[in-house]
2 protein chains.
Amino acid sequence: MTHDAALAALSALLGERLSTGRADLALHGQNETYYPDTPPEAVAYPETTPEVSEIVKICAARGCPVTAYGAASSLEGQHLAIRGGISLDMGRMNRVLAVNAEDMNAVVQPGLTRTALNEELRATGLFFSVDPGADASMGGMAATRASGTTAVRYGTMRENVLALEAVMADGTIVRTGTKARKSSTGYDLTHLLVGSEGTLGIITELTVRLHGIPEAVAAATCRFDTVEDAVNCVILTIQSGLPMARIELLDEMMVKGFNRYADAGLPEKPHLFLEFHGTPAGVAEQMESFRTIAEDFGAEAFATATRPEDRTALWAMRHKAHYASAALGGGKHLWPTDVCVPISHLAEAVVEAQEAAAEMGLTCTIVGHVGDGNFHAGLSIDPTDAGEMARAKAYTDKLAQTALRLGGTVSGEHGIGIGKQAQMAGEHGQALAFMRRIKTAFDPGGILNPGKLLPDDA
Amino acid sequence: MTHDAALAALSALLGERLSTGRADLALHGQNETYYPDTPPEAVAYPETTPEVSEIVKICAARGCPVTAYGAASSLEGQHLAIRGGISLDMGRMNRVLAVNAEDMNAVVQPGLTRTALNEELRATGLFFSVDPGADASMGGMAATRASGTTAVRYGTMRENVLALEAVMADGTIVRTGTKARKSSTGYDLTHLLVGSEGTLGIITELTVRLHGIPEAVAAATCRFDTVEDAVNCVILTIQSGLPMARIELLDEMMVKGFNRYADAGLPEKPHLFLEFHGTPAGVAEQMESFRTIAEDFGAEAFATATRPEDRTALWAMRHKAHYASAALGGGKHLWPTDVCVPISHLAEAVVEAQEAAAEMGLTCTIVGHVGDGNFHAGLSIDPTDAGEMARAKAYTDKLAQTALRLGGTVSGEHGIGIGKQAQMAGEHGQALAFMRRIKTAFDPGGILNPGKLLPDDA
Ligand SMILES: Cc1cc2nc3c(=O)[nH]c(=O)nc-3n(C[C@H](O)[C@H](O)[C@H](O)COP(=O)(O)OP(=O)(O)OC[C@H]3O[C@@H](n4cnc5c(N)ncnc54)[C@H](O)[C@@H]3O)c2cc1C
Ligand SMILES: Cc1cc2nc3c(=O)[nH]c(=O)nc-3n(C[C@H](O)[C@H](O)[C@H](O)COP(=O)(O)OP(=O)(O)OC[C@H]3O[C@@H](n4cnc5c(N)ncnc54)[C@H](O)[C@@H]3O)c2cc1C
């Protein structure tokens, strides 16, 4: 089904800012993982909230799907317009509207990227903490409830979004939350929109928390003989209450990937990459406490990086995990999947993840925000090899089941999108019906990102 | 309207655990503030989740209101069965089901009080942080999104509830969230239920975060010449990133109340009560940093309390603010109201709150969790004095308007209940319609705590 009537009306509204150019459609149909290219029928480039509202009204009246598009870095196909209609590219709404340094928050438009925000904050002594590696948009990050390396200390988008403005499926513009740090006044629509993957409303403005840049920052790395030792060190570190700013696991395969992709020159053993934030004395104290714990688990080669450029290099490398994993497959695609478990079960989950990959004959890296109990498995796959794709699918299903068995969740941060709908019933049971009720109540016509997050009714 | 058919069926199900004894009804119709006594038609005492489900099904089939009852400490009349039906007393579901020390969480029943939970946690080195002063139930605290003195450091119920089990309006038992610390799998029903004041579901189990008891704890007090000095000291302290565990303001009237009610013997000037958590070195460092800031604002009589018994005495006194405020009125009732503003506007809000009380001829104390920008005004009122009641109402409305004007919320922690429904449209605008859609989608018959939180449709 095409949506010509809607496109005609949108074109009248937006002029050139409704694009049906082939390159543009192709670009908006791409993704960073294994989903087939899925170009939308058109791409709309709104510049203001009222314009978003008009666009949504036009689409609602004509049954035309609207799929918001941020930076297209989501990993479960969330931004693909799989039921046609328009890709609503938020990229032109990318301004910082206010930095309230005194209240440690910023008001931003959804198309702003997190690095652009931090660039603007430079002079303030404050930073925006959520760091999913990719240079995602603020709207996309809110919509996927993104997380990343610093969530262990500063929280995910769930903790860092204070308030939103959004356009709902009927075009109504709503504001949720206030600039106060807490409130007890009614249903928490902010948290309902965060993580809703563009299926309940289009986020047009965000008020986010900022944090003070710590006086002292130090990074460190160390390696272990086994992944269990590394993970058990993490568990004890978290249980000791050490306020780790970052604590990332890289298994031996991941290290191999970095060696290959980035000439890292690291011994191919499990590593932890760490960061400590605080006062100079506090950081020294934390680092010493961590070292004592780590040595109990046989950590070797504890190396610190206090110079900013060394730290930047370390995290820049870490953020290339996606591409370094792909490199291992020698030009194959990457199928990344993530789960999150209670930290006490983390070693078990990681070991199962490694063993399952070996059993299934899959090349797999493990890298994770392990302080949260969250890790990613990166499978090298060839999308044209049906057998390998089937094994990869079986692997991700199995890993999801492991996470549920251990009391965890089928995704700590990448979300559901297209890829994990089949896991929703297993994780949510009867609660799924109540998610559906919300979707129906908010978007009765089903125009907002249809086909995502909620599995089709059986 | 009475609900005899429902009561008969409930009586058949529960036997003696459906009570219609006068004393019982009277008890469940009381409240800690100025609302008239409102006894329910009956009180049900469930002991298990399936029993809650059966009760709700019976009531749903017969249009009988169900108002959950925790410890009845809510301050906006939330637990009163104002449309009749039953009070669902969760008090017998008060067990700790599991303490997962390794994962720093506990699974508890809703009728458990926070002090009982902390009692059970004694041997573990962990504690549950949310502390609203009153010995509230865990279910009630989740339902009001409670907060309190330690929220500035450890968060409110919003941050500390990981997962819930709840009985929905049709009797369905749902589980929301998992034991993992974060998740990106669908709509955040946990946060939707937290703060919903029993209008969307009955909470039958909670998984809550625990925190490690800090190695070192120190409390302190100091006083200032003016409330602006005290508040400006708080603002700078928070902006400096000092990880305050507690930072409470008491204005001169509140200190007078403590002197009168608890023989506190304090000079009648604005005070801050503080607590610092960390390592011994960290606490010393924090305390020194705070002291430097405070002295810039003319703080006097900086006194520390490191002995546990002294700290306990300090916070026990603080937690009597409600009764000490009432004492000022010489046996009058207390009308407490709370607002929360961005911290940069806190001094302005507090001063306006004091001035408005003076102008309106009301006796008023101010006490607050000021690190969050949250404070309470406590008005001494005589419920039989219509003029005074009208002035108190005008005062709370004015304070709410002040909070909104300053970018804040009409309640930081007490909630909406009966008392603040008229403020909902002002705070939420168009978003209110989406809250209503949720209510209708979840509870089409309107049996869960009817008449609360959402204003009646105009
Ligand atoms: C190399 C790499 C590493 C990554 N690492 C992490 C990681 O560590 N942690 C993590 O959490 N994620 C990670 N991701 C995934 C990705 O970065 C996040 O999912 C991110 O939040 C997506 O943001 P985006 O702007 O790219 O959104 P898009 O991909 O464009 O869209 C994502 C979803 O949000 C919706 N959306 C976008 N904008 C809006 C809006 N304004 N209103 C409503 N809905 C909107 C879209 O419709 C879609 O459903 C990684 C991705 C890559 C490529
Ligand atoms: C002296 C005093 C000081 C206070 N200080 C603070 C403070 O600092 N911070 C703060 O946040 N609050 C404070 N309060 C208010 C009060 O303690 C909180 O609102 C508390 O969360 C109420 O819990 P409760 O168990 O008493 O609930 P109740 O009053 O019994 O019920 C509150 C609401 O929750 C619902 N409810 C109860 N149990 C459930 C359940 N299992 N499932 C679903 N809904 C349920 C009820 O229906 C009702 O709507 C104070 C109160 C007093 C008396």
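Below, chains carry the letters A, B, ... as their sequence lines are ordered, and counting in each starts from 1.
If you measure heavy-atom distances from A/E427 to chain B, the contacts under 4.5 Å come from the side chain alone. Looking at A/R158, the atoms closer than 4.5 Å to chain B (heavy atoms on both sides) all sit in the side chain, from C-beta outward. Of the two parts of B/L453, only the side chain, counted from C-beta on, holds a non-hydrogen atom closer than 4.5 Å to a non-hydrogen atom of chain A. Heavy-atom distances place the side chain of B/A151, and not its backbone, under 4.5 Å from chain A. Only the side chain of B/T156 comes within contact range of chain A, with heavy atoms under 4.5 Å apart.
Within the structure, every pair that satisfies the ring-ring contact (aromatic ring centres under 6.0 Å, His included) test and touches residues 171-197 of chain B, not counting sequence neighbours, is listed here: A/H191-B/H191.
Atom CE of B/M435 and atom OG1 of A/T185 lie 6.0 Å apart (nearest 0.5 Å). Atoms CG and CD1, from B/D103 and A/I238 in turn, are 11.5 Å apart once rounded to the nearest 0.5 Å. B/E215 contributes atom CD, which lies 10.5 Å from atom OG of A/S240 (distance to the nearest 0.5 angstrom).
Chain B forms the most heavy-atom pairs under 4.5 Å with one residue out of A/E159, A/E197, A/Q239, A/M157, and that residue is A/Q239. For the set A/M168, A/K439, A/E76, the count of heavy-atom pairs under 4.5 angstrom toward chain B peaks at A/M168. No other option in A/L126, A/I173, A/T199 has as many heavy-atom pairs under 4.5 Å with chain B as A/T199.
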>> What verdict does the side chain to side chain contact (heavy atoms under 4.5 Å, CB included) test give for B/L192 and A/I438, after you've listed the backbone C-alpha separation in whole Å, the side-chain angles of each residue and the deciding distance to 0.1 Å?
In response: CA-CA 11 Å; B/L192 192 58; A/I438 294 173; 3.7 Å; yes

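In terms of heavy atoms, A/G186 sits closest to B/R145 at O-NH2, 2.8 Å. Nearest heavy atom pair, residue B/G408 against residue A/T178, reads O-CG2, 3.3 Å. Taking every heavy atom of both residues into account, B/V152 and A/R181 meet most closely at O-NH2, 3.9 Å.
For the pair A/F434 and B/T172, the minimum side-chain heavy-atom distance is below 4.5 Å.
With 3.5 Å as the limit, one finds a donor-acceptor pair spanning the side chains of B/S147 and A/K182.
Scanning residues 278-285 of chain A against chain B with a 4.5 Å non-hydrogen threshold yields A/T279, A/A281, A/E285, sorted by number.
Remark: the backbone N or O of B/T144 is paired with a side-chain donor or acceptor of A/S184 at under 3.5 angstrom.
Every residue two or more places apart in sequence or in another chain that forms a ring-ring contact (aromatic ring centres under 6.0 Å, His included) with B/Y154 is listed here: B/F127, B/H211, B/H277. Remark: B/H369 engages B/H376 in a ring-ring contact (aromatic ring centres under 6.0 Å, His included) (not counting sequence neighbours).
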